[in-house]
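I have placed the structure first, in the form of structure tokens, so that the comments after it can refer back to it.
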Amino acid sequence: MDLTVNLGGIKLKNPVAVASGTFGYGLEYADFIEPEKIGAVIVKGTTLHPRPGNPGPRIYETPAGMLNAIGLENPGIEVFLREYLPRLRERQVTVISNIAGNSIEEYALMASLLQGQEGIAGIELNISCPNVKQGGIQFGTDPETVRQVVAAVKKETSLPVIPKLSPNVTDIAAIALAAAEGGADALSMINTLGGMAIDINRRKPVLGNVFGGLSGPAIKPVALKMIYQVYREVDLPILGGGGIVNHIDALEFFMAGAAAVSIGTGNFVNPCLALELLEGMEKYMQEQGFSSIQELVGIAHT
Amino acid sequence: MPSLEKARIISNSKQYHNLYIMEIEAPKTAKQCKPGQFLHIRSNPGLDPLLRRPLSLYDVDKKAAKISLLYKVVGKGTALLADMLPGENLDIMGPLGRGFSLPESAKKCLLVGGGVGMAPLLYLARELRRGGNELLVLYGVGNEKELLALERLEAIGSQVQIATIDGSRGLKGPLIPPLFSEILSNERIEFIYSCGPESMMKLWQEWAGINHIAGEVSLEEYMACGVGACLGCARKARPDNEFYVKICKDGPVFRLDELELE
């Protein structure tokens, strides 16, 4: 059974990654799952300077999902490179770094800092975090800005670049095409859907940040549809995710057009999910007569 | 090292109103437990509720590999937990978090537990007694039927003073320092542990400060991952701090001098 994947130049030993923001810097779950066995660990979104994140409450459970408004809390890229990356490198974890900038220049600067760092397989561009306000600029929702961010990053690095697309747009295919024009090597989709909850006793929004991002099984149909759509229009490998909690979900994503999948909220429910999924997928493939995962990619398109 | 385990439910029964005690058999997990840590449990194999629930270690019998959990039914997750039957499996992850520290030499310790906040203090009391510490436990509840831990606390040899809001047992009133001023004036307390409503713990933090007594408190917060990966259960240790601590990983137990309660 061939489960290896080439995701825009990143060689993955298996097609299941863990999504940024749900797996810390890769070792928080090490008592439960060996991170080096996971297809790729996309580490917590990192910014140029440390960020404290949003005031609480930062999370809230909703039917078959959860809202989060962490606000990109992170120690900054220098600390990531100095303190976290060496430990991941030592364990030979396939690391995809996730970066978020305040400006096109900042994305480019961070890409240049990652360039040449041993142990980083690729860069995921967070252009879609719903919980951070940056002077009114929303990088992920304007096609021209997306093209410029991706192009600026590509200029600074030879690493594969994977923009993570926001579902909070009218036409995701237009954004995906712009990312491709900018030189993206693959696409990651989808980030969380904007959402909120209200506490009827306090008569106030639940989340400290008022708005948050919805994730979990509740958003799976939305994610599938967007991946299906983008697969038809853009010739780039897709890292697909959104509410995957079992191998059936994962298979749906491959069939919609994902070349690899990412587990996000599902990690909180079952920290071993990223590896347990593989067993279910392999069993399905065996029974149905598939020998390579690539045969399943986009198979639902007629 | 914490682990994932399918624990077998030995018993699970309503004690009073919405208070339940569940006893589970968890050979892998039980032997790793320290007072003040928590288990991240999944009360439902379906998708709603989706997330695990953190529950304190109420009591642990390492020899018998048994763990007791005291919980209050407050929402969907705990309601499903209350419906689980002996013989069924409970999906547990843990033990997680930083627990209480135990004194190196025997001390006179004050334990202050408000309501279901007694949950992490019983196992602590057991371990403190094992280490030869002398215990004064202040146990505050609404009415005497909620004093679920009382028998076990007395059985391990702790001195227990009770406060009930309705006056059905012990002193009448909330679990705050003035109510116990006479009792405490005769004691030489060397360390304080507390768990319960934060406003109550704040008063005990002030009391400890005035009397120069060190101590620890256990906090709670909504959690997703339970291991410091998602950064969801954040709070500021002090209001003017720039950065946040995570209840699941930096806590749930904090030293009194580490944080300012609100």
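Lettering of chains follows the sequences in order, A, B, ..., and the numbering in each one begins at 1.
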**Asked** When rounded to the nearest 0.5 angstrom, what is the spacing between OH in Y244(B) and CD1 in I70(A)?
**Response**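 Here the rounded value is 11.0 Å.
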**Message:** Let me confirm one number: the CZ-CG distance from F32(A) to L96(B), rounded to the nearest 0.5 Å.
**Reply:** 5.0 Å
Does [X] have more than 12 heavy atoms from other residues, nucleotides or ligands lying within 6.0 Å of its [atom1]?
X	atom1	value
K283(A)	NZ	no
E83(A)	CD	yes
R8(B)	CZ	yes

Need one label for [X]: side chain, backbone, both or neither, based on atoms under 4.5 Å from any heavy atom in chain B.
X	answer
Y60(A)	side chain
V245(A)	side chain
D31(A)	both

**Heavy-atom side-chain proximity of V269(A) to R42(B) below 4.5 angstrom** =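 Touching, per the 4.5 Å side-chain cut-off.
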For residues 220-236 of chain B, which side-chain N or O atoms pair as donor and acceptor with protein atoms under 3.5 Å away, sequence neighbours left out?
from, atom 1, to, atom 2, distance (Å)
R235(B), NH1, E198(B), OE1, 2.8
R235(B), NH1, E198(B), OE2, 3.2
R235(B), NH2, E198(B), OE2, 3.0
K236(B), NZ, N241(B), O, 3.2

**Request:** Select, from P50(A), P55(A), G53(A), the one with the greatest count of heavy-atom pairs under 4.5 Å involving chain B.
**Result:** P55(A)
**Request:** Mind ranking P63(A), G216(A), P57(A) by heavy-atom pairs under 4.5 Å with chain B and telling me who comes out on top?
**Result:** P63(A)
**Prompt:** Hey, which residues of residues 65-93 of chain B are touching chain A, say heavy atoms under 4.5 Å apart?
**Reply:** M93(B)
**Shortest non-hydrogen separation from C272(A) to L4(B) and the atoms involved** = SG-CD1, 3.5 Å
**Request:** List the atom of L51(B), the atom of T265(A), and the distance in Å for their closest heavy-atom pair.
**Result:** CD2-CG2, 4.5 Å
**Message:** Taking the basic N atoms (NZ, or NE/NH1/NH2) and the acidic carboxylate oxygens, is any pair closer than 4.0 Å for E61(A) and R52(B)?
**Reply:** no
